[in-house]
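Notes for the one structure printed next.
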Amino acid sequence: MKQGNSTSTIFHADLDAFYVEVERQYDHSLLGKPVIVGGMGPRGVVATASYEAREFGVHSAQPTTIARKLCPQGYFLPGNHSLYSEVSKKFMHILRRYSPTVLSVSIDEAYLDMSGTKEIYGPPIGAAETIRQNIRDSIGLPVSIGIGPNKLVAKVCTEYAKPDGIFQIEQIGAERFFAPQPVRNLPGIGPKAEKALNNLKIFTLGEVAMAPDGLLRRALGPNRAGHIKSRAKGIDNTPLQEPRRAKSMSAETTFDADISSQSEMEVALKKLIERVGTRLRKSGNVARGVSIKLRFRDFATITRQHTLTTPSDGDQTIYQTAQALLLTAMRERNESIRLIGISVTGLDQRATQLSLLDSHSKTDSDTSLALDAIRERFGFKSISRGT
Ligand code: DCP
Ligand code: MG
């Protein structure tokens with residue numbers, strides 16, 4: 001891998017106000033207006049807001065009720081997730097034309113290794129302009145591109161490129177570019193780390209780069225201190241590689257109104273398990289563990305987990321385990337809940353675990369696979385096991 005040496009050129013491409021811009025493709029009257037896409041229920045949150053709506057303080061993850069107060073003249077839309085994932089696929093497909101090494105990291109964001117492409121596409125800024133134009137012509141969306149000697153610098157550059165632009169920092173200027181920035185601008189520093197650093201009077205990345213190691217270890221813990229210090233100087237040697245296989249899968253649901261009956265919780269759990277179970281079997285994995293998550297009315301959240309004696313990918317096994325966990329949890333705290341979630345953990349390839357599966361697990365797995373096939377043909381709601 002070439003990352004980290006001075007000849008690397010990494011692009012980070014991120015679509016602007018992605019969901020909103022897709023909506024605008026279908027309804028041109030939304031162009032130039034404050035548009036908000038998000039959950040419309042009483043507990044809905046904003047998925048994204050157009051740059052016009054951001055001017056009013058609207059942002060992702062904010063409760064929609066607050067967004068409505070901040071921007072009453074906004075156009076609020078519920079969103080169309082299957083459409084967004086279709087568009088996302090097209091976006092990634094276009095990027096792959098320009099580099100053999102493309103790492104997609106979210107629905108609208110990817111890194112491209114553009115090292116050594118000068119002969120074909122010219123200098124980086126011109127290459128980025130070509131890509132942006134292609135994306136605009138093919139799917140009609142504005143995209144911003146950050147260019148750097150590694151993933152970290154490229155990602156930070158994208159923030160400066162937005163909206164609808166390009167921003168490049170070369171290796172030689174990376175440390176100076178990072179130095180005056182607030183610590184929170186460094187990917188990997190969240191609100192907790194920011195606070196810990198600020199408490200020690202460390203506010204900028206330049207101050208992180210110069211801080212004594214002992215001090216950083218106190219703020220960030222022994223494992224992260226050295227890592228963050230070198231990142232604060234714009235150093236990042238991580239290669240562009242495909243993300244590792246998910247080690248767990250989960251699904252959760254928030255109720256419109258809190259629920260308190262055990263049977264309602266079980267019904268919700270069962271639905272979630274059918275969803276996660278289908279994904280699990282599609283991935284060819286079995287799970288070694290099952291965990292449930294409950295969020296109570298006061299937002300207190302607990303998780304309870306159990307390791308299976310035999311790894312499984314069967315809905316029945318997962319359900320029985322989750323149901324037992326639910327009962328135990330409710331004995332500890334018998335209150336109404338606002339959210340319930342399920343995770344299957346410790347995933348491993350089914351093939352390598354096959355010899356461990358007992359006959360009960362095999363039957364459960366085969367029945368679940370048969371149900372998957374029916375659901376695939378007739379839709380997810382067509383069939384469900386009785387409880
Ligand atoms: N998204 C979401 N919930 C969040 C954050 C994002 O549903 N808390 C969705 C909606 C976004 C999309 O993911 O359109 C991409 O996320 P980005 O963070 O890239 O945000 P945008 O593309 O909307 O805006 P920009 O990248 O221009 O800041
Ligand atoms: Mg984006």
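When a ligand or atom number is given, it counts from 1 through the structure's own listing order.
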Discussion item. Take a 6.0 Å sphere around CE of M210 and say whether it holds more than 12 heavy atoms from other residues, nucleotides or ligands.
Written reply: no

Worksheet item: Between Y111 and K151, is there a cation-pi geometry (under 6.0 Å to ring centre, at most 45° from the normal)?
Response: yes

Fill in: Min side-chain heavy-atom separation E55-L70 under 4.5 Å
no

Discussion item. Please identify which of these residues, R281, K282, R279, R275, meets the salt bridge (Lys or Arg N to Asp or Glu O under 4.0 Å) condition with D372.
Written reply: R281

Discussion item. I'd like to know if the side chain of T158 and the backbone of G146 have a donor-acceptor N/O pair within less than 3.5 Å.
Written reply: yes

Worksheet item: Is there any N or O on I107 that sits under 3.5 Å from an N or O of ligand 1?
Response: no

Item to complete: Using the ring of F296 (Phe, Tyr or Trp, six-membered ring only), decide whether R338 places NZ or CZ under 6.0 Å from its centre and within 45 degrees of its axis.
Response: no

Worksheet entry | Part of L15 within contact of ligand 1 (heavy atoms, under 4.0 Å) | backbone

Worksheet, complete the sentence: So the protein N/O/S atoms within less than 2.8 Å of the Mg ion (ligand 2) come down to D14 OD1, L15 O, D108 OD2

Discussion item. Within the structure provided, determine whether D108 and D14 are in side-chain contact (heavy-atom separation under 4.5 Å).
Written reply: yes

Worksheet entry | Y84 near ligand 1 by a heavy-atom separation under 4.0 Å | no

Worksheet item: Based purely on interatomic distance, does S60 place a nitrogen or oxygen under 3.5 Å from a nitrogen or oxygen of ligand 1?
Response: no

Response to the item:
All heavy atoms of V153 vs all of G234, minimum pair found to be CG2-O, 3.5 Å

Worksheet item: Between R295 and D258, is a salt bridge (charged side-chain N to carboxylate O under 4.0 Å, His left out) present by the stated rule, with each step listed?
Response: CA-CA 10 Å; R295 180 164 297 147; D258 296 341; over 6 Å; no

Practice prompt. Below 4.0 angstrom from a heavy atom of F18, which ligand 1 atoms are there? Numbered from 1 as shown, please.
Written response: 14 (O), 21 (P), 22 (O), 23 (O)

Item to complete: For side-chain contact (heavy atoms from CB on, under 4.5 Å), just list the numbers for Q323 and E266, CA-CA rounded to whole Å, side-chain angles, deciding distance to a tenth of an Å, and then say yes or no.
Response: CA-CA 7 Å; Q323 192 187 30; E266 287 175 351; 3.2 Å; yes

Worksheet item: Would you call P163 a ligand 1 contact, heavy-atom distance under 4.0 Å?
Response: no

Item to complete: Could you tell me whether E23 approaches ligand 1 through its side chain, its backbone, both or neither, with non-hydrogen atoms closer than 4.0 Å?
Response: neither

Item to complete: Within a distance under 4.0 Å of any heavy atom of D14, pick out the atoms of ligand 1 and give their elements.
Response: 19 (O), 26 (O)

Worksheet item: When the ring planes of H81 and Y19 are compared, do they come out parallel, tilted or perpendicular, using 30° and 60° as the limits?
Response: perpendicular

Item to complete: Would you check if the distance from the ring center of F91 to the ring center of Y84 is below 6.0 Å?
Response: no

Discussion item. So is K162 touching ligand 1 or not, going by heavy atoms under 4.0 Å?
Written reply: yes

Practice prompt. Quick one: look up the protein heavy atom nearest atom 17 (P) of ligand 1 and list residue, atom name and how far away it is.
Written response: D108 OD2, 4.0 Å

Fill in: Lys/Arg-Asp/Glu bridge criterion (N-O < 4.0 Å) met for E175, K233
no

Discussion item. So is Q62 touching ligand 1 or not, going by heavy atoms under 4.0 Å?
Written reply: no

Fill in: Nearest neighbour in protein (non-hydrogen) for atom 24 (O) of ligand 1
R54 NH2, 2.8 Å

Discussion item. Counting non-hydrogen protein atoms only, what is the nearest one to atom 14 (O) of ligand 1? Give residue, atom name and distance.
Written reply: Y19 N, 3.1 Å

Worksheet item: Please state which protein non-hydrogen atom is closest to atom 3 (N) of ligand 1 and give its distance, to 0.1 Å?
Response: A47 O, 3.6 Å

Worksheet item: Just going by heavy-atom distances, which of T48, D16, L141 is nearest to atom 23 (O) of ligand 1?
Response: T48

Worksheet item: Looking only at protein heavy atoms, which one is nearest to atom 27 (O) of ligand 1, and how far off is it?
Response: Y51 OH, 2.6 Å

Fill in: R297 atom CZ, neighbour heavy-atom count above 12 within 6.0 Å
no

